Protein chains: 2
Amino acid sequence: MQTLSKNQQIIFDLIDKSPEPMKAYAILFNVQKKGIKAPLQVYRALDKLVEIGKIHKIESRNAFIACQNSSCQVSKATAFSICEICEKVTEISSSSLSKYLTNFKDKDGMKYSKYNLEFFGLCKKCR
Amino acid sequence: MQTLSKNQQIIFDLIDKSPEPMKAYAILFNVQKKGIKAPLQVYRALDKLVEIGKIHKIESRNAFIACQNSSCQVSKATAFSICEICEKVTEISSSSLSKYLTNFKDKDGMKYSKYNLEFFGLCKKCR
DNA sequence: TTACATAGTGTTATATTATAACAATTAAAA
DNA sequence: TTTTAATTGTTATAATATAACACTATGTAA
């Protein structure tokens, strides 16, 4: 567990409290009162937080969500479910899924160091 | 098999010939000599081509690749391998993988209508 | 403690990716 | 044929992300 810098902490706290994935400029808007004024300050913190696994980027949405797994060792093996109506995003933690994908080898026998999986469908509420 | 409109055909042909995923503005640059002048014309064709499964979007790269499966019924179940050095992208067609993911149910028993999986690693050449 | 490296910050400017809104045209279906 | 849906063309602008540079803080090792 690494200590976060000032900007990283501010931005992580915000994302962590958010019930939904946050976009970079929404983050910027929210932290301006705390002195973070420029997009680059946000993107730098986001990059680092992603790198150390505290947050994940939902690629299909260009948005960021706090890691739900208390021990964030899964930053290299991420899976999410995304509701196509309400846009609710949930991190999937299924050991059988992660085991299957981590061990997946393609035709050429290539094994991968990292993956990101995004499932789409309708959540309970929206069905 | 649906017939493509003029712009859709021009843009599909370009992507289909490309050995690597193409970004929207690279596509725009390449088709300007054929009379497609504006980003929107490109994005509209891309949207349609994605919708009908002729191309896929590589979300982590904001780039587009022609579908490699002759019958493009897998637009709702896509998997790619991405080399983190040379950026080579390959569409994975593994029936066991697609079977596993198509049938995957999360904790709440939720089944998904669609997924996109991106594996990252080093390709043969770059290892 | 000093020096040195590494990581983080602040700032301006700009690049890249994508969509809104509106008018005109073409293709397909009733 | 008429009318409906899909596509096109165009201008403007929104949203997402990075380059480049100067400066500051922090950690580490002599």
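So that the names make sense, note that chain A is the first sequence line, chain B the second, and so on, each numbered from 1. None of the values given here were measured: they were computed from a predicted structure.
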**Prompt:** So does Tyr25(A) reach the base of dA17(D) with its side chain, donor to acceptor, closer than 3.5 Å?
**Reply:** yes
**Prompt:** Just how far, in rounded Å, is C1' of dA19(D) from CG of Leu40(A)?
**Reply:** 8 Å
**Prompt:** If only side-chain N and O atoms of Lys37(A) are considered, is one of them under 4.0 Å from the OP1 or OP2 phosphate oxygen of dG10(C)?
**Reply:** no
**Prompt:** CE/Met22(B) to CD/Glu20(B) distance, rounded to the nearest 0.5 angstrom?
**Reply:** 8.0 Å
**Item:** Proximal nucleotide (of dT16(D), dT11(C), dG8(C)) relative to the Tyr43(A) side chain
**Value:** dT16(D)
**Backbone N/O of Gln68(B) and side chain of Glu91(B): donor-acceptor pair under 3.5 Å** = yes
**Prompt:** From dT8(D), dA17(D), dT11(C), pick the nucleotide closest to the side chain of Arg44(A)?
**Reply:** dT11(C)
**Request:** Nearest-nucleotide wise, let me know which of Ala45(B) and Asp47(A) is further upstream toward the 5' end of DNA chain D.
**Result:** Ala45(B)
**Request:** Looking only at side-chain atoms of Gln8(A), point me to the closest of dG8(C), dT17(C), dT19(C).
**Result:** dG8(C)
**Asked** Is there a donor-acceptor pair under 3.5 Å between the side chain of Ser113(A) and the backbone N or O of Phe120(B)?
**Response** yes
**Fill in**
When Pro39(B) and Lys6(B) are each assigned the nearest nucleotide of DNA chain D, the 5'-most assignment goes to Lys6(B)
**Message:** Given 3.5 Å as the limit, does a donor-acceptor pair link the side chain of Glu118(B) with the main chain of Ser60(B), or not?
**Reply:** yes
**Prompt:** Looking at Lys57(A), does any N or O in its side chain come under 4.0 Å of the phosphate oxygens OP1/OP2 on dT16(D)?
**Reply:** no
**Message:** In this structure, how many angstroms lie between the C1' atom of dT16(D) and the CG atom of Leu46(A), rounded?
**Reply:** 12 Å
**Request:** In whole angstrom, give the distance that lies between atom CE of Met22(A) and atom P of dT16(D).
**Result:** 12 Å
**Prompt:** Nearest of dT19(C), dT8(D), dT11(C) to any side-chain atom of Ser5(B)?
**Reply:** dT8(D)
**Request:** Measure from CG on Asn62(B) to C1' on dA15(C) and round the result to the nearest Å.
**Result:** 14 Å
**Message:** Rounded to whole Å, how long is the line connecting atom CG of Leu4(A) with atom P of dA7(C)?
**Reply:** 15 Å
**Asked** Taking Thr102(A) for the side chain and Lys99(A) for the main chain, is one N or O donor matched with an acceptor at less than 3.5 Å?
**Response** no
**Item:** Length of the line joining Lys34(B):NZ and dG9(D):C1', which is rounded to integer Å
**Value:** 19 Å
**Request:** Indicate the ring-plane relationship of Tyr115(B) and Phe119(A), choosing parallel, tilted or perpendicular according to the 30° and 60° boundaries.
**Result:** perpendicular
**Asked** For the side chain of Asn7(B), counting heavy atoms from C-beta on, which of dT8(D), dA20(D), dT16(D) is nearest?
**Response** dT8(D)
**Message:** Using a heavy-atom cut-off of 4.0 Å across all strands, would you classify Ile36(A) as base, sugar-phosphate, or nothing?
**Reply:** nothing
**Atom-to-atom span, CD of Glu51(A) to P of dG8(C) - whole angstrom** = 8 Å
**Message:** Please report the distance, rounded to the nearest Å, between CG in Leu28(A) and C1' in dT11(C).
**Reply:** 13 Å
**Item:** Out of dG10(C), dT9(C), dT8(D), whichever nucleotide has its closest atom nearest the side chain of Gln41(A)
**Value:** dG10(C)
**Prompt:** Does the side chain of Lys23(A) get closer than 4.0 angstrom to OP1 or OP2 of dT16(D) through an N or O atom?
**Reply:** yes
